[in-house]
Amino acid sequence: MIAGVVATLTDDAVRLKTTLDEFVSRPELEVGKFHATDRRISLTIDMPQRSGVEDLTDWIRSRRGVVFVDVVCVHFEETDDAADPIPGGSFNRHALPPQRTTG
């Protein structure tokens with residue numbers, strides 16, 4: 001699963017440097033270009049599981065140099081059971097009860 005986020009960063013130079021160093025230290029995070037005057041940075045998260053993406057997004061939000069995180073893109077990679085909306089289960093549309101209509 002791949003997600004693109006944009007982090008809005010603090011004006012505090014010390015927290016900013018620490019946060020950028022923390023981002024770079026994570027192999028599952030690709031850090032976009034950043035200039036000293038920027039306060040927004042793009043990050044690409046590449047994790048095998050949705051829960052990992054959510055955990056890493058929470059980790060990004062928890063950095064002291066991060067003010068806000070915008071999730072701008074999420075890509076679900078195709079898997080053999082991608083058509084099954086119930087993880088580990090079997091989905092049979094015909095097994096659902098009929099919808100009631102009012103006339």
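Everything numeric here is computed off the predicted structure, so don't read it as measured data.
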Test applied, side-chain contact (heavy atoms from CB on, under 4.5 Å); reference residue, Leu29; option that passes from Thr44, Val5, Leu43, Val24: Leu43
Report the C-alpha separation of Arg63 and Phe23 in whole Å, then their side-chain angles, then the decisive distance to 0.1 Å, and conclude whether the side chain to side chain contact (heavy atoms under 4.5 Å, CB included) test is met. CA-CA 9 Å; Arg63 303 300 88 199; Phe23 288 165; 3.9 Å; yes
Arg39 pairs by side-chain contact (heavy atoms from CB on, under 4.5 Å) with which of Thr10, Leu16, Val67? Leu16
Does one hydrophobic cluster hold both Met1 and Val72, with members joined at side-chain heavy-atom distances below 4.5 Å? no
Do Ile41 and Leu20 make a side-chain contact, defined as non-hydrogen atoms from C-beta onward lying under 4.5 Å apart? yes
For the residue pair Phe34 and Arg40, establish whether any side-chain heavy-atom pair is separated by less than 4.5 Å. no
Are Asp46 and Glu28 side-chain neighbours, meaning at least one heavy-atom pair lies under 4.5 Å? no
Any chance CZ of Arg50 has more than 12 other-residue heavy atoms, nucleotides or ligands included, within less than 6.0 Å? no
With a 4.5 Å heavy-atom cut-off, do Val66 and Leu9 have their side chains touching? yes
Ile45, Val31: one ILVMFWY side-chain cluster at the under-4.5 Å cut-off? yes
Electrostatic pair Glu22:Arg26 at N-O distance under 4.0 angstrom: no
By salt bridge (charged side-chain N to carboxylate O under 4.0 Å, His left out), Asp12 pairs with (sequence neighbours left out) none
Between Ile60 and Ala7, what is the shortest heavy-atom contact and its length? CG2-CB, 4.5 Å
